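Here is the structure we will look at, set down as structure tokens.
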Amino acid sequence: MGFYLLHIISLIAMNLFTVMSYNLVFGKGKILHFGQLAFSIIGIYAFCVPLVRYQWPLWSALLLGCLGVLLVAAFFTWLSLHLEADGFGVMSIAVHLMFLSVVLNWQGVTRGALGIPGIPRLPYMASLESFTLVVVLFSALWMIFLWYVGKGAFGRMLSALSEGQWPAASLGISRSMVHFVAFTISGFGALLSNLTWHSYLRLLSPSDLQFPAMIFYVMIVVAGGAGSFRGCFIATVILVTLKEGLRFLNLAPNLVGPLQLILFGVILFTAVWVRRETVFPKQRVV
Amino acid sequence: MRKTFLVSLMAIVLTACQTGADSTNNSITIGYIGPLTGDASPYGVDTLNGMLLKASEINAAGGINGKLIEIVTEDGRCTGADAASAAQKLIHVDKVIAIIGGQCSGETLAAAPIAEEAGIIMISPLSSSPDVTDAGDFIFRDYPSDALKTEAMAAYFAEKGYNKVAVITENTDFAVAFRDALKKNLGEDALVFDEVVEPNTKDFRSLVTRLNDVDFDVFFPNGQSAATIGAMLQQVREQGFEQLAVSHDVAQDQSLLQVAPIASEGLQVINVPAVSDDSEFGSKFLEQYGATQAAMAFAAHAYDAMGVLVEAIGTVGTDGIAIRDYLNDLTAYEGVVGAFSFDANGDVVGIPYVLWEVQDGAYVNLRNIDVN
């Protein structure tokens, strides 16, 4: 049981990187952004392809992954400044699917649907115990960083922008700067999550980067209360644990898969229904 | 409302804290990982039932050295992420002594490092990706690698003098791996038409029109499902191409004959030997579980994977290293799919390839194809 608990703790920690970062953009910033996996795809492929297929040194590959995330953040910033909120929401999905299509079809480099096996474990993360320790430590540090970002001047600028673009501009808040920083943080959260996850699996499979994974992130943020740091943390812990916990229900072999999926669907629906009020921004009343 | 929701969540969390079954003095626990939901679930259901059939027979005969077999089933959902979680639970909570699975190659590749680290044997009855060959010392499969199957296909093409192959590939891990392995065996120049389409595409008409500009000897519809291969065949024949069509495992499916009854006439398939519904195994399976969802051969491979595992446990006990060594030294296991053993990489040896042809709406066994 001990190892399995470590596995669940690792899963929670790895999900927290991306969920808490995404909460900054979608929850606190109220930016209708559904392209979080675009960061994951570019970041992790820019890291894994040179590392595994061309034997680049780890730090060079990591640098390329970071560069990829920065470019995607700049692209999303540009799009968010040129599109209406709902238009950006649709476009962010299109960007994700476009990048997915590229990695699925650029087979000479990415191996397409085959994915990339043989990804090495990151330094100091060889065993499950050390992996869990390191990933929890980094996850905690990342959340402390996000906490300060959210509570500090940047968080206030993001909140002000989410409530009104022109009043925020009159206060001297640069929308382009705030969006770029928010997307960059969100992107690095996705990169951290994917670096650890695919190194943990030792396999990069594009099937893990399909749109259903994005739906799970959105639901966690909504269930936790969009913008709520503590709520999203608790929602991640509970929903990831429940997803795994359903494996323990004593079901007949022919019912195991379908019933687990149905039950988890009901849990997600209920959680989102309870929190439905928090999805869209409310104007503050003075 | 919120209190009710939280109480429900707590109940499930508490349920999750219960430990599963594990191998005790009176039983031996074996795990199963495969896709039980989603598009690939027909494969998962058939292999699970094949495994359960063998376990029920062993238990009815008194178990393994007096110990009954318990099966713990996990849904791998054909993804690496779910298969990894499933493997962690089976190994560290249920304390299985071996796993039959995964079925999709992505499942096997993601679960393999976990099994390898724990010294737990995994036998896949269905994963055919060449990448599985290097998955580890504890990873075996009784289904042949695509690398070998494409050798059989290349040998057949060479024998017939087919130098120019037109292939349309569905962009899935299985079909792409098969195309890559075939290209390696035939040489880059042999694929005179080599197009990849998105998964589940059913309209190939504009693509097929381009075949008019290509001189080819044989058409290879390389899809992940019978429905896709059927659509490819239908549209190629509609545009007047009469070249021979040759395909792989997926094309040996009764539903293909219903999807494209006329276009599939003359289609040749290179596959492992079929297991008929009328065989002894087929009859037992049908009586217990009814018709298969994908193919009887898949169930038979799972039945044999369980069989060879049980034989190993019965001979050397439940230690992972001892089972691994037994499987490596095995000369031949007489299964319902034929007599087989494993090579140094855990890949199956001894499963022949058969050339089938659709004649009058049925698959007819033409002959075996030897592969060195």
Side-chain angles (χ1 to χ4, degrees), chain A residues 1-8 10-11 101 104-105 107 111-118 121 126-128 197-198 200-208 210 213 238-239 241-263 266-267 270-271 273-274, chain B residues 1-2 5 8-9 12-20 32 34-38 41 44-45 48-49 52 71-81 84-86 88-89 91-93 104-106 109-110 112-114 117-118 129 131 134-135 171-177 180 196 198-199:
Chain A
M1 190 71 182
F3 275 94
Y4 190 63
L5 276 178
L6 292 180
H7 168 69
I8 293 181
S10 300
L11 279 182
S101 181
L104 280 172
N105 291 290
Q107 290 165 9
R111 296 182 85 233
L114 293 174
I116 301 175
R121 283 270 169 95
S127 69
L128 183 57
W197 174 238
H198 295 290
Y200 180 63
L201 283 187
R202 300 179 198 222
L203 172 72
L204 168 53
S205 168
S207 63
D208 292 339
Q210 306 272 4
I238 290 178
L239 289 176
T241 307
L242 281 176
K243 194 177 176 195
E244 289 304 309
L246 289 174
R247 292 186 184 279
F248 289 80
L249 295 178
N250 201 7
L251 300 168
N254 58 336
L255 296 176
V256 166
L259 265 184
Q260 282 175 356
L261 276 187
I262 291 168
L263 277 173
V266 170
I267 290 167
T270 311
W273 179 257
V274 169
Chain B
M1 175 69 182
R2 284 187 185 181
F5 178 60
S8 308
L9 291 187
I12 295 175
V13 170
L14 287 173
T15 310
C17 291
Q18 294 173 354
T19 52
Y32 169 90
L36 301 173
T37 47
S41 62
V45 171
L48 172 63
N49 288 339
L52 290 172
I71 305 288
V72 182
T73 308
E74 290 294 334
D75 185 5
R77 293 175 195 140
C78 207
T79 71
S85 280
Q88 287 284 12
K89 176 182 170 274
I91 292 168
H92 298 300
V93 179
C104 299
S105 296
L109 289 169
I114 298 161
E117 209 169 291
S129 167
D131 288 335
D134 302 320
N171 200 351
T172 63
D173 53 357
F174 165 75
V176 170
D180 289 354
V196 178
E198 289 307 306

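Please read all numbers here as calculations on a predicted model, not as lab measurements. Naming convention: chains lettered A, B, ... in sequence-line order (proteins, then strands); numbering from 1 in each chain. Values below: every heavy atom of this structure, side chains too, minus hydrogens, waters and symmetry copies.
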Polar side-chain atom of Asp131(B) near backbone of Pro117(A) as donor-acceptor pair, under 3.5 Å: no

Rounded to the nearest 0.5 Å, how far does CG of Leu259(A) lie from CG of Leu36(B)? 11.5 Å

Can you tell which of Arg111(A), Gln107(A), Lys243(A) has the highest number of heavy-atom pairs within less than 4.5 Å of chain B? Gln107(A)

Using non-hydrogen atoms only, which part of Ala86(B) is less than 4.5 Å away from chain A: side chain, backbone, both, or neither? both

Using non-hydrogen atoms only, which part of Ser85(B) is less than 4.5 Å away from chain A: side chain, backbone, both, or neither? both

Output the distance between atom OG1 (Thr79(B)) and atom CG (Leu201(A)), rounded to the nearest 0.5 Å. 9.0 Å

Output the distance between atom OG1 (Thr37(B)) and atom CG (Leu261(A)), rounded to the nearest 0.5 Å. 4.5 Å

For the candidates Leu114(A), Leu203(A), Asp208(A), which exhibits the highest count of non-hydrogen atom pairs separated by less than 4.5 Å from chain B? Leu114(A)

Given heavy-atom pairs under 4.5 angstrom as the criterion, report whether the side chain, backbone, both or neither of Asn49(B) touches chain A. neither

Is it the backbone or the side chain of Ile91(B) that comes under 4.5 Å from a heavy atom of chain A, or both, or neither? neither

Rounded to the nearest 0.5 Å, what's the gap from CG on Leu128(A) to NE2 on His92(B)? Could you check? 6.5 Å

Residue, of Gly44(B), Ala81(B), Ala84(B), that accumulates the most heavy atom pairs under 4.5 Å with chain A: Ala81(B)

What distance separates Gln88(B) CD from Tyr200(A) OH, expressed to the nearest 0.5 Å? 3.5 Å

Test Asn105(A) against Glu198(B) for side-chain contact (heavy atoms from CB on, under 4.5 Å), laying out the working first. CA-CA 9 Å; Asn105(A) 291 290; Glu198(B) 289 307 306; 3.2 Å; yes

Look at Arg247(A), His7(A), Gln260(A) and state which one has the largest set of heavy-atom pairs under 4.5 Å with chain B. Arg247(A)

If I take atom CG from residue Leu109(B) and atom CZ from residue Arg202(A), how far apart are they, to the nearest 0.5 angstrom? 13.0 Å

